[in-house]
Amino acid sequence: MTALDPSIPVRPRVRHLLDEPHHDGSEVYVPAGTPALGDVVPVRFRVPASGTERAVWVRTVRDGEPRIEPARLDRADSHERWYVADVPVHNPVTGYRALLDEPGGYRWLNGRGVHAREVPDVADFRLTVHAPAPAWLSSAVVYQVFPDRFARAGSHDGLPEGELPDWAVPARWDDEPIPAGPGVSQQLFGGHLAGVEAHLDHLERLGVDTLYLTPIFPSRSNHRYDARTFDHVDPLLGGDAAFASLSAAVHARGLRLVGDLTTNHTGAGHEWFERARADRTSEEASFYYWTDADPGYVGWLEHASLPKLNYAARPLAQRMVDGPDSVIARWLRAPYALDGWRIDVANMTGRYASEDRTHEVARTIRRTMQAVNPDSVLVSEHFHDAGPDLAGDGWHANMNYSAFTRPVWTWLAAPGSELGFLGMPVPVPSRDGHAMVRSMREFDAAVPWAVTRHQWNMLGSHDTARLRTVVGSRERVEVAAGLLFTYPGTPAMFAGDEGGLRGTNGEHARVPMPWDAIAAGDGSRWDAVTFEVYRALIAVRRGSRALREGGLRWAVVGPDAVAFLRETADERVLVLAARAPWSGADLPRHLLAPGHDAENLYGGAALDVTPEGLRLPGDGPGFQVWRLA
C-alpha cells in the first residue's frame, strides 16, 4: 500500500476550522450565570455564511430521553448566521447538541466539533445548576511549591540544621535529587515554611497570585503524602506557628493559599492506623480495609506504607471530610485560613472493589468547605480521564493532565526523547498538531464548560519530568508556556519551571530552587530569559479578559502550528503557536474589528492585514498573541 492508495484518508497539512459551525459555553454563546432547575436558557450557535444548513435544531436529553426542538435564526450578515435555541434545565446536568439540517443529510455539532455521523452523548454540551469554582480562580495563576525543595529561611549552605528523624538522609542544597531506588523518598534537603515566606517576593515579581503547597503534615518521607497526623504541621517545616505566619504573609500581599490533602489514605505511621492495629475493636479499625493477605490491609497501589481509608465508616467521614470539626474544615479557619484544597488521588478516594463513594465524598468535602469558606476552591487529582467525576457538584476542577499536559508534551517533546510518558511504559511520543488538538477537544468536551474554564492546566508538576527536559530547548519552553497562559483554564506551574530547571522524572524533578544562582545571575543553573518569558506571558493574561474568561474557537491546525481565538463579548484575541517553521495561513478579514489595528500583545510579529484577510506568519518555533477587537 502507498500514500496514493485511495483507501487511506489523506489528512490536510493545514486545516482551517473557522468555516465550521461553532458553540461553546462562554458568554458569547450562553448567558452568564448559573441556571436553576426550571430555567429556560437561550443558547446560541454560530454558522459561517458559507454554511449550507436549511435549519438548525437543538437536541436535549430530559430524564434520559432525547428531544429535538427547532432553533430560530436570530441575525445574519455577510460573514455568519446566528441561531438561538431554548434549552430547558430540567435535570441538574442538561446535555444538548445542535443538529444541522443540510442537503443530502445532517450533521451534529457537539463539544468535539462537527460530525456527519452518529455520535454518543458523552461529548454533548452541558448546562449545570451546580455553582462553578469561585470567581477568583478565573484570574488566578497557581504556583506549586514542594516545601522541602523550595527554600530555607537562612543559609542554603551545608546540610539541614537541627535534629533530623531517623528516616531522613540529609542532603546539601546543591545535591542532585535521587531519581529512583534507595533513599528516593528519604533524601531531605531541609526546606521549610519560613523559607517559603522569605521568598514571597519571587512569586510577586513573577506575577503569580496563588501558592499551592504539597503536604505539610508530619510523615516518614520528604513528600509527606504518608501523613502521621492531620492535626499539626510537621516540625521539620516549622510547625503550626510557621504555617500560620506564612498564611498571614501570603494574605497580607493579596495572594491565596491552597493546601494538599490525602483523603484516600494515611501513612502506616498515622495515629489512627497505629490505634487500629493495636486494637481491632477500636473505632479507628473501621477506617481501613483489612485482608487476610500480607500485609493484612489494603494499601494505595499495594504500598504497605499507605493504608487506604474506608469511607463506609461514618466516624471516618466525620473526622476527615464532614462538618466543622473535620480535617477539611479545620485548616480553612484562622489562623491558617486556607483558600482551598487540592485532593491527592481523588480518583481513588472512596473507591475499592464493589464500593464507589467517590462522588459522595467529593460532595461532602464541597459542602463542608462551603460552610466554612464559601470562596474556597476544591481541586482533584486525576492523571487520566476525569470526565465522569466532574459533573460540577463535587470537585470544582481537576489537575488537567489528560486534556492539556499530555497533548502538549506529545506535540513539543524533543525529537527522539526517551523520557517516560507520565507513568506509561513507553517514551513520550512525538505527535503533530492535529493529534494534540483532537485530544484537547475530546477531553474538554467530557465536562461542562463551567469546569473546563477552571481546570488546572499544567506543563509539569512534582510528579513529572521537568518541562525543559521534556521539550529540550528554551524556544519550545516558550511555546509551551504560551499555551499554558492562553488556553482556557487556570494556569498552574511547578516552582522552578520559570527558570528552566531540569529533571527526568517526578523524583529527579524535585530539584531545590537555586537561590544563590538566581542572585548571582548564574545562567548555567537559572535561565533568566525563560523567567522573563513567564513573567511577560502572565502579564499578557492578566491584561486580557478574553484570555482569562473567553471561549475557544480553533482557527488553524497543522502539523507544526496551531492557532485559536479567545473571545468575550468585548474582546477577541488571536493566539498562534508554532513548534517549527510552517507554511503560514490566511484567516478571514472580518475577524479584525473595523477601524482597529491588530495589536501584538506578545511575540512582536506583525499580522499582515490586507483587504482580503489576515496572514499568519510562518516563522517558528515561536509564539504570538494579537488583540483583534
Side-chain angles (χ1 to χ4, degrees), residues 11-12 14-18 20 22-26 29 109-115 119-120 122-126 382-388 390 397-413 421-422 428-461 464 467 470-471 476 479-492 541 546-567 573-579 623 625:
R11 184 179 61 200
V14 174
R15 185 181 176 203
H16 294 258
L17 298 180
L18 292 181
E20 292 186 354
H22 182 74
H23 176 84
D24 60 47
S26 67
Y29 302 91
L109 169 63
N110 66 8
R112 293 176 180 169
V114 182
H115 314 275
V119 292
V122 67
D124 282 1
F125 306 110
R126 293 172 179 81
H382 288 59
F383 255 90
H384 54 93
D385 181 8
L390 289 173
N398 183 53
M399 299 185 78
N400 206 15
Y401 290 104
S402 290
F404 190 82
T405 316
R406 289 177 182 270
V408 172
W409 275 28
T410 62
W411 188 53
L412 291 174
F421 187 35
L422 295 172
V428 182
S430 178
R431 295 177 177 146
D432 67 11
H434 297 277
M436 177 180 71
V437 172
R438 277 199 303 271
S439 289
M440 288 174 150
R441 295 185 78 170
E442 288 189 7
F443 282 104
D444 285 344
V447 300
W449 177 259
V451 174
T452 296
R453 65 183 297 254
H454 293 118
Q455 296 278 59
W456 277 23
N457 297 329
M458 305 169 298
L459 295 167
S461 72
T464 76
L467 174 65
V470 173
V471 302
R476 287 198 172 199
V479 176
L483 291 171
L484 177 67
F485 294 111
T486 59
Y487 196 77
T490 302
R541 177 183 175 82
L547 292 178
R548 300 191 308 273
E549 303 176 21
L552 172 68
R553 258 203 300 167
W554 290 100
V556 175
V557 178
D560 294 317
V562 299
F564 54 86
L565 297 168
R566 299 293 311 279
E567 297 169 304
V573 171
L574 172 63
V575 175
L576 170 64
R579 69 178 182 181
F623 192 80
V625 183

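Being a predicted model, the structure only gives us computed values, none of them experimental. Numbers here simply count residues along the sequence, with the first being 1.
The backbone N or O of Val573 lies less than 3.5 Å from no partner atom in the side chain of Arg566, so there is not a single donor-acceptor pair. Within the 3.5 Å criterion, the main-chain N or O of Met458 finds a donor-acceptor partner in the side chain of Thr405. Between the Arg553 side chain and the Leu565 main chain, no donor and acceptor come within less than 3.5 Å of each other. Using modelled atom types, no side-chain atom of Arg431 and backbone atom of Thr410 make a donor-acceptor pair closer than 3.5 Å.
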Can Asn457 and Phe485 be said to form a side chain to side chain contact (heavy atoms under 4.5 Å, CB included), step by step?
CA-CA 9 Å; Asn457 297 329; Phe485 294 111; over 6 Å; no
Apply side chain to side chain contact (heavy atoms under 4.5 Å, CB included) to the pair Val471 and Leu459, showing each step before the final yes or no.
CA-CA 10 Å; Val471 302; Leu459 295 167; over 6 Å; no
Side chain to side chain contact (heavy atoms under 4.5 Å, CB included) assessment of Asn110 paired with His115:
CA-CA 8 Å; Asn110 66 8; His115 314 275; 2.9 Å; yes
Go through it in stages, so that I can follow the logic: the residues are Trp554 and His22, the test is side chain to side chain contact (heavy atoms under 4.5 Å, CB included), and I'd like the CA-CA distance, side-chain angles, deciding distance and then a yes or no.
CA-CA 9 Å; Trp554 290 100; His22 182 74; over 6 Å; no
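The line from CG of Asp560 to CZ of Arg579 is 4.5 Å long, rounded to the nearest 0.5 Å. Distance check, rounded to the nearest 0.5 Å: NE2 of His23 to CH2 of Trp449 gives 10.0 Å. One finds the CZ atom of Arg112 at 4.5 Å from the CD atom of Glu442 (value rounded to the nearest 0.5 Å). Of the inter-residue distances, the one linking Leu483 atom CG with Phe564 atom CZ reads 5.5 Å to the nearest 0.5 angstrom.
Just one of Asn400, Leu390, Asp385, Asn398 meets the side chain to side chain contact (heavy atoms under 4.5 Å, CB included) condition when paired with Val447; it is Leu390.
Counting all heavy atoms, side chain and backbone alike, Ala492 lies closest to Leu484 at N-CD1, 4.1 Å. Between Phe125 and Leu109, the closest heavy-atom pair is CE1-O, 3.5 Å. The two residues His16 and Val556 come nearest to each other via the heavy atoms ND1-CG2, 4.0 Å. Across every non-hydrogen atom of Ala445 and Gly111, the tightest pair is CB-C, 3.6 Å.
You'll find the ring centres of His384 and Tyr401 outside the 6.0 Å limit.
Aromatic ring orientation, Phe404 versus Tyr487: tilted (interplanar angle from 30° to 60°).
A cation-pi geometry, defined here as NZ or CZ lying under 6.0 Å from the six-membered ring centre and within 45° of its normal, holds between Arg406 and Phe421.
Salt bridge present: Arg15 and Glu20 bring a charged side-chain N and a carboxylate O closer than 4.0 Å.
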